Q: 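Next up is a structure, given as structure tokens.
This one's a predicted model, so the numbers in the text were calculated from it and none came from an experiment.
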Amino acid sequence: MAASTPGVLRPAMVAPDELSVRRASWLVMLRRNPRLAIGGGLVLALVLVAIGAPLLTHYDPVVGDVSDSLVAPGASHWLGT
């Protein structure tokens with residue numbers, strides 16, 4: 001048996017238990033509500049794509065090129081314009 005001092009808290013032992021309880025409660029909530037996890041994942045994916053949009057394309061979203069309108073799919077525009 002280990003002797004303990006009354007009135008002394010050990011922060012190293014309290015914090016991991018509280019953290020594991022919080023993680024477990026989130027996991028239980030996501031397991032009970034799979035639509036929340038799917039919706040949250042989709043929103044997270046859209047936010048990440050919006051943040052990384054400049055890396056995904058080299059076209060300026062403000063400046064348009066009218067001469068490229070209604071061009072068939074090709075190497076520069078995979079789905080056409």
Q: Going by side chain to side chain contact (heavy atoms under 4.5 Å, CB included), name the residues that satisfy it together with V71, two or more places apart in sequence or in a different chain.
A: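 By the side chain to side chain contact (heavy atoms under 4.5 Å, CB included) rule, V71 matches D68, T81.
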Q: Looking at CD1 of I38 and CG of L42, how far apart are the two atoms once the value is rounded to the nearest 0.5 Å?
A: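 Taking CD1 in I38 and CG in L42, the distance rounds to 7.5 Å.
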Q: So which pairs with a foot in residues 62-81 pass ring-ring contact (aromatic ring centres under 6.0 Å, His included), sequence neighbours left out?
A: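 Qualifying pairs: Y59-H77.
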Q: Who are the side chain to side chain donor-acceptor pair (under 3.5 Å) partners of S67, not counting sequence neighbours?
A: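 With neighbours one apart ignored, the set is D65.
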